[in-house]
Each structure stands twice: as C-alpha cells, then as structure tokens.
Amino acid sequence: MPIYWAFLTYMLLRPGVENHEYFFMFDGIDKALHLSIFAALGFCFIAAFPKIKFSYYFQIILIYAFLTEILQEEMGFGRSMETLDIVADTIGCLIGYYIYRIFIKRFFN
C-alpha cells in the first residue's frame, strides 16, 4: 500500500511531458487514467483498512485527490489543476470501495 501510494504521488506530480499521438490515445484518456488509478487506490486502501468507516475512507481519499491537484498547479511543472480530474478521482475511489465490498461479500461470506 505505501509503495503504490508513493508511486501514485510521483506519477501525479512529475513534470508534464508533451503528449504524442498514439493509436490508443483518445480525448479524455487522462480522466480514464485518473478514474482507474484511484479505483485501484481505493480498493487497496479499503483492503488494508477494512474496519475504517466509509466517511473516513472517503475523506482521506478525497483530501489526497485535492492535494495532488493543488500541488500540480502550484509546483509549476507543466501540470494544471482540473476539476474533472477530482471528479474522476472521486468516482474512482467509490468504484474501488464498492468492488472491494462486492468481492468480500461474494467470496468470503
């Protein structure tokens, strides 16, 4: 969990690079990436702390999402703060939470 969180922080805050057009690129790919990495973070977080209250879980992930977006803007590495990234992060953490709950209910009950 700490290694993924550190890797995620690095990837979210590293200097921006010029996007090259690849065959798999599409408009909104960055939002899809935000959603998927925060779904993985949410799943790992709730798996590591299964007894945590949902409100605490949600607050921690949301504060992390806001902090990374604010730091992207303030660090001046060519990254910018986007509201839709925070929305994608929030949806991703909810997806990760509910996937974990479904997984636990299906395989361990």
Side-chain angles (χ1 to χ4, degrees):
M1 177 72 190
I3 293 171
Y4 181 73
W5 208 309
F7 175 72
L8 180 58
T9 303
Y10 167 75
M11 292 304 291
L12 290 171
L13 297 179
R14 73 187 182 114
V17 294
E18 185 67 29
N19 285 336
H20 302 286
E21 291 298 318
Y22 297 106
F23 72 93
F24 58 84
M25 300 290 281
F26 57 89
D27 289 336
I29 192 169
D30 61 328
K31 306 306 178 259
L33 291 172
H34 272 267
L35 189 133
S36 62
I37 62 176
F38 270 83
L41 176 65
F43 183 89
C44 291
F45 189 80
I46 197 65
F49 304 103
K51 303 246 187 247
I52 192 170
K53 288 176 142 181
F54 176 77
S55 61
Y56 294 154
Y57 161 85
F58 191 69
Q59 289 173 15
I60 290 168
I61 302 291
L62 202 57
I63 288 169
Y64 178 71
F66 272 105
L67 281 176
T68 56
E69 288 299 318
I70 290 168
L71 287 172
Q72 282 178 0
E73 184 72 31
E74 296 299 320
M75 291 176 73
F77 285 146
R79 306 289 299 262
S80 61
M81 180 177 174
E82 294 184 31
T83 305
L84 288 178
D85 285 347
I86 295 172
V87 171
D89 298 345
T90 303
I91 293 169
C93 89
L94 293 173
I95 289 170
Y97 179 84
Y98 287 111
I99 287 174
Y100 176 79
R101 290 294 176 207
I102 290 167
F103 177 76
I104 289 299
K105 189 178 284 186
R106 177 169 292 225
F107 294 109
F108 295 106
N109 280 338

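Index from 1, following the sequence.
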Do [X] and [Y] share a hydrophobic cluster (ILVMFWY, side-chain heavy atoms under 4.5 Å, transitive)?
X	Y	value
I70	I60	yes
Y100	F107	yes
Y57	Y98	yes

Just verifying a value: how many Å separate [X] [atom1] and [Y] [atom2], rounded to the nearest 0.5 Å?
X	Y	atom1	atom2	answer
C93	L35	SG	CG	9.5 Å
T68	E73	OG1	CD	12.5 Å
I102	Y97	CD1	OH	11.0 Å
I91	I86	CD1	CD1	12.0 Å
L13	M11	CG	CE	11.0 Å

Check your understanding: Hey, is the main chain of L12 close enough, under 3.5 Å, to the side chain of Q72 for a donor-acceptor pair?
Key ->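 Between the backbone of L12 and the side chain of Q72 there is a qualifying donor-acceptor contact (under 3.5 Å).
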Check your understanding: Should the pair F38 and H34 be assigned to parallel (<30°), tilted (30 to 60°) or perpendicular (>60°) ring geometry?
Key ->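 Correct class here is parallel.
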Practice item. Could you list the residues that satisfy salt bridge (Lys or Arg N to Asp or Glu O under 4.0 Å) with E82, not counting sequence neighbours? Key: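 Per chain and number, E82 pairs via salt bridge (Lys or Arg N to Asp or Glu O under 4.0 Å) with K31.
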Under 3.5 Å, which donor-acceptor pairs do the side chains of residues 40-56 form with other protein atoms, sequence neighbours left out?
none

Check your understanding: Does F7 CZ have over 12 foreign heavy atoms under 6.0 Å away?
Key ->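 Counting other residues, nucleotides and ligands, CZ of F7 stays at 12 neighbours or fewer.
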Exercise for review: Report the C-alpha separation of T9 and Y64 in whole Å, then their side-chain angles, then the decisive distance to 0.1 Å, and conclude whether the side-chain contact (heavy atoms from CB on, under 4.5 Å) test is met.
Suggested key: CA-CA 9 Å; T9 303; Y64 178 71; 2.6 Å; yes
Practice item. For residues D89 and F66, determine if any side-chain heavy atom of one lies less than 4.5 Å from a side-chain heavy atom of the other. Key: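 Not in contact.
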